[in-house]
Amino acid sequence: MSGLAADRDRLVKAAQAVRGESLWRAAAARFIANRSAVAGLLLLVLIIGFSLLAPIFSPHDMEEIYWERIQIAPTLANSHWFGTDANGRDLFVRVAAGGRISLAIGLLTALTSLLIGVIYGAIAGYVGGRADEWMMRIVDVLYALPLIFFIIILVTVFGRNILLVFLAIGCIEWLTIARIVRGQTIAVKETEYIEAARSLGVPFGRMVLRHVVPNVLGPVIVFSTLLIPTVILVESFLSFLGLGVQEPSTSWGLLISQGTATLDSAPWLLLIPAGFLAATMFAFNFIGDGLRDALDPKAR
Amino acid sequence: MSRFLLRRLLVMIPTLLAIVTLSFFLMRAAPGGPFDADAQLEPEVLQNLRAAYQLDKPVPEQFRMFLSGVLRGDLGPSIGYADYSVSELIAIGLPVSLKLGLTALTLAALLGTSLGIVAALHRNRGLDYAISTLAMTGIAVPTLITAPVLTLLFGVTFKLLPVGGWGDGDFRHMALPVTALVLPQLAVIARLARGSMLEVLNQPYVRTARAAGLPEWRVILRHASPPALIPLVSYLAPAVAGVMTGSIVIEQIFGLPGVGRYFVNGALSRDYPLVMGIVMVYATAVLVMNLIADLLYGVLDPRTRRRMDEA
């Protein structure tokens, strides 16, 4: 009898000695080993750092107009490191200000659609049956809409309130996330741990939030990383058409649009903000690809 | 097959109706009206103008009139472009947008699939990396950067091509807008084709074809490529939507007289009938594209064909 107990104790000890490698830690290791993904992350940190810190280093204010220095090329003189625009405003601080707006919009909107998409998809997938069928039919119909037209109409409806506009975009962009989460949820639903939780009487809301959602997050994280640049692009696109961010506030899209107007006389006004936008797109895409490789269940 | 087609066509009607209803009421909810720009109109003049365009009626009544007009094929008069009907404006703009979009789509499909296949065949070698880098650039650098930068390079610096305008849609005027429009789609298609081709190259039937001693070009062209390219058909509809979106920016930058420009101007000036007309045209185009993609899939892949017959 005591021999059995000793055996059991030894077994328990042995089991405790085996350090399980958490899936997230394994994924993190894979991500760090991916050179282009890490480069993308560094690039993104640099861009965010620039956008936040540039006003500290530059002596200029983004709205200050220098009548005597209109549209000068990038120079060290007077600390106009990126030159000045057609109105004589310093481009260095304006690019940083545009970056803050573009990045904030991207993040906020991606979060909004993430929240809606995950909850909607998880409920549809978990409940199943007729409710699922209807919920997904709605998604199908919305999917068929030419998105950009709706965004343009929404912008005209909400007018100048940029925050509302992007919450609205978030309310549209959640469709793909909802689809992904639903598919994953249906797969997860049949697993033993969900059955165990159900037999313990875990209530519905807690079930979805604590047991289903965390286990379908991998693909969602990947998709969201790619959603942020998409949203930043939509914003640039709208600002470019004169429908997004309005003067005196600015964004990369608006700066690119203004740079396009002075293309032949002041190419730096186009090339510098365009470079920042392109670099941001590259950074997010590299990070997204790296995350996909790191979190892809097939790779395990 | 025909039952499947019929069902899909019937589903399109409520979808289109939902789109039209949503955009109609959203447009009317927007603050401001089409006559705001003409400052200081006499109240009676304004009243007469509103009555002339039926804007004095309650919105649901306007919606009913709009729908019955659409059923008769009448999209109404444009408010912003006086003397033009919406149908006339679309007839002017659509050929330009269509020529631009179809050229871009065809080029993107041809070049994208070829590049993707070539990359897959040279997996993890120089050519593959070069093509993948190109694809990443195409995905990361949006049209609103490529279009002005291309203009700067070829129009301003080297003065090889016109910086804008349509001419009569000749090659020189098309070159830059089409290039800017093609790049992102080409990139996505090349990536998809590469991945799909890599998967097919591992299939037993490809090994069998090789083992049977077929020349390599025949294995690639006859046995590996067709099944590898079938999944790409489902990218057709998103590609069309992408080209439509891109062409709005392109038409603006290059000053091309297409439908996209009318749409943006219409939305800005609250030209309700014009916006509704263009939304309908584009929504129909996307829906029809979706349908064509599904049908093509059925024709190309026998496995889905059987499922459609059962539907």
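Throughout, protein chains are lettered first and strands after them, A, B, ... in sequence-line order, and every chain is numbered starting at 1. Keep in mind that what you see is a predicted model, and the values were worked out from it rather than measured.
- Among residues 271-281 of chain A, the residues having any heavy atom closer than 4.5 Å to a heavy atom of chain B are, in sequence order, A/L271, A/A274, A/L277, A/A278, A/M281.
- Looking at A/F284, there are no atoms closer than 4.5 Å to chain B (heavy atoms on both sides), in backbone or side chain.
- Identified by a heavy-atom distance below 4.5 Å to chain A, the contributing residues of residues 130-138 of chain B are B/M136, B/T137, in residue-number order.
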Please output the side-chain donor-acceptor pairs of residues 246-253 of chain B that fall under 3.5 Å, not counting sequence neighbours, one pair per line with the distance.
| from | atom 1 | to | atom 2 | distance (Å) |
| --- | --- | --- | --- | --- |
| B/S247 | OG | B/V243 | O | 3.4 |
| B/S247 | OG | B/M244 | O | 2.8 |
| B/E251 | OE1 | B/G260 | N | 2.8 |
| B/E251 | OE1 | B/R261 | N | 3.1 |
| B/E251 | OE2 | B/S97 | OG | 2.8 |

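- Interface remark: B/V275 contributes side-chain atoms only to the contact with chain A (heavy atom separation under 4.5 Å).
- Contacts of residues 143-152 of chain B with chain A at a heavy-atom distance below 4.5 Å involve B/L144, B/I145, B/P148, B/V149, B/T151, B/L152, listed in sequence order.
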